[in-house]
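Each remark here refers to the structure printed beneath this line.
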Amino acid sequence: MNFTQWLGIDLPIIQAPMAGAAASAMAIAVSNAGGLGSIGCATLPIDAMRKELEAIRAATSRPFNVNFFCHTPPVVDPERERAWRSALAPFHRHYGIDPDTIAAGPGRAPFSAEAADVLDEIRPAVVSFHFGLPPAHLLARAKATGAKTLASATTVEEALWLEAHGVDVIIAQGVEAGGHRGIFLTNDLTTQVGTFALLPQVVKAVKVPVIAAGGIADAAGVAAVMVLGAAAAQVGTAYLLCPEATTTAIHRAALKSEAARHTALTNLFTGRPARGIVNRVMRELGPMSELAPEFPLATSAIVPLRAKAEALGSGDFTPLWSGQNATGCKEIPAAQLTRELAAAL
Ligand SMILES: Cc1cc2nc3c(=O)[nH]c(=O)nc-3n(C[C@H](O)[C@H](O)[C@H](O)COP(=O)(O)O)c2cc1C
């Protein structure tokens, strides 16, 4: 049995989970087209997550992937919080934001017992994790639903760790990838390499199937990673202009502009490194800042700036997640994009 048969899909194309930028409509379209549609649950409260998964379940009988972050919830460090707010103070002043009115607290929740309860109800075919794995008892609950488990690795060491901890499939995420890096065993960004460097090394190191992610934007890219030993390609950025994406107008405009040729890893928006189109806050503070509080606490002080700037039509404080290769972004239905991505196989 080959990988696609084992997963129950027709095409080795996985639409990357993209919390905030794609919801049930995207997953339904891709799964019904024969790929593996995904939904990122990191920003969804439990009730909203249940509704989204029910919507997918009602609209397709095909496999789909439910994705979670699995960071350890941070303890608020008041010193760091103060330093971060003072770094942002000139921007807060500019927009007339009173820093005392900024709500503290995390904006993204990790996989939890409540989320596992929803998986018990919905029983998706695939569950995937970013930032390592949840604690063993929660991973066991996801597995007990019968779901196949996937997790992102950004180094050979992470791939070996995930395999040793019982993951069924590894996603090798090259540094070109848009959105958050799945990096979890180190904070050293010099370990982060491109898809063509990472993928063959991971394929060689582990026995489980490997999915390639990062910079794959067209049919030739999909075919190339298959030659390098990938069992499937996971594509994120290329789907961001599809009508089914929930990408905002400001984000869409940035992806279509010259600006999309300039991306960087930044921790300013959440506290963890993620790749996005360079904007004002990244230019003025530097894309990586030691002042940014631990993930996801950096978010709260940026959110009001983002809201004020967006109301004026500006993406200066918006996380404009994008991979290094936005040339595959097309304003076509996700089903058509999925078929086009598989066209050279
Ligand atoms: C807008 C956006 C949001 C993302 N959100 C998630 C997420 O919620 N969970 C996750 O595992 N990966 C997320 N990723 C990373 C993707 O899984 C994948 O690694 C990446 O999109 C592949 O590279 P590409 O963007 O060059 O295609 C996101 C990527 C983007 C572009």
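We count ligands from 1, going down the list as the structure has it; atoms in each ligand are counted the same way.
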Ligand 1 atoms in contact with [X] (distance to a heavy atom under 4.0 Å):
{"X": "Ala19", "answer": "5 (N), 7 (C), 8 (O)"}
{"X": "Thr237", "answer": "24 (P), 25 (O), 26 (O), 27 (O), 31 (C)"}
{"X": "Gln173", "answer": "15 (C), 19 (O)"}
{"X": "Gly215", "answer": "23 (O), 24 (P), 26 (O)"}
{"X": "Gly214", "answer": "22 (C), 23 (O), 26 (O)"}
{"X": "Met18", "answer": "1 (C), 2 (C), 3 (C), 4 (C), 5 (N), 6 (C), 28 (C), 29 (C), 30 (C), 31 (C)"}

Report yes if [X] has an N/O atom closer than 3.5 Å to an N/O atom of ligand 1; otherwise report no.
{"X": "Trp321", "value": "no"}
{"X": "Ala21", "value": "no"}
{"X": "Gly323", "value": "no"}
{"X": "Ser152", "value": "no"}
{"X": "Ser322", "value": "no"}
{"X": "Ala42", "value": "no"}

Write out the residue and atom name of the closest protein heavy atom to [atom], then the distance separating them to 0.1 Å.
{"atom": "atom 21 (O) of ligand 1", "result": "Gly236 CA, 3.4 Å"}
{"atom": "atom 12 (N) of ligand 1", "result": "Pro17 O, 3.5 Å"}
{"atom": "atom 16 (C) of ligand 1", "result": "Ala16 CB, 3.6 Å"}
{"atom": "atom 15 (C) of ligand 1", "result": "Gly178 O, 3.4 Å"}
{"atom": "atom 17 (O) of ligand 1", "result": "Gln234 NE2, 3.0 Å"}
{"atom": "atom 9 (N) of ligand 1", "result": "Asn67 OD1, 2.8 Å"}

* Structure fact -> Taking every heavy atom of Ala334 against every heavy atom of Val30, the minimum-distance pair comes out as CB-CG2, 4.0 Å
* Of all the heavy-atom pairs spanning Arg80 and Glu290, show the shortest one and how long it is. => NE-O, 4.1 Å
* **Side chains of Asp10 and Arg62 in contact at under 4.5 Å (non-hydrogen atoms)** =>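 Side-chain contact under 4.5 Å: yes.
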* Any Gln15 side-chain heavy atom under 4.5 Å of Thr338 side chain ->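 Result no, sub-4.5 Å side-chain heavy-atom pair not found.
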* **Residue of the set Glu158, His130, Gln173, Arg181 for which side chain to side chain donor-acceptor pair (under 3.5 Å) holds with Ser152** => His130
* Taking atom CG of Leu185 and atom OG1 of Thr191, what is their separation to the nearest 0.5 Å? -> 9.5 Å
* For residues Thr247 and Tyr239, is any side-chain donor paired with an opposing acceptor at under 3.5 Å? -> no
* **Contact check, Asn325 vs ligand 1, heavy-atom distance below 4.0 Å** =>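 Checking ligand 1 against Asn325, which is what was asked, there is no heavy-atom contact under 4.0 Å.
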* **Test ring-ring contact (aromatic ring centres under 6.0 Å, His included) applied to Phe131 and Phe184, Phe111, Phe69, the passing residue** => Phe69
* Asked: Are Val175 and Leu189 connected in the hydrophobic side-chain network, where two residues link if heavy atoms are under 4.5 Å apart?
  ->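 Yes, it is one cluster - the side chains of Val175 and Leu189 are joined through contacts under 4.5 Å.
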* To do: Run the salt-bridge test on Glu54 and Arg57 with the 4.0 Å N-O cut-off and return the result as yes or no.
  => no
* Quick one: are the ring centres of Trp321 and His180 less than 6.0 Å apart? ->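 Ring-ring flag for Trp321/His180: true, centres closer than 6.0 Å.
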* Step by step, work out the side chain to side chain donor-acceptor pair (under 3.5 Å) result for Thr145 and Asp120. => CA-CA 6 Å; Thr145 66; Asp120 278 337; 5.8 Å; no
* Structure fact -> Going by the 4.0 angstrom heavy-atom rule, the piece of Phe69 near ligand 1 is side chain
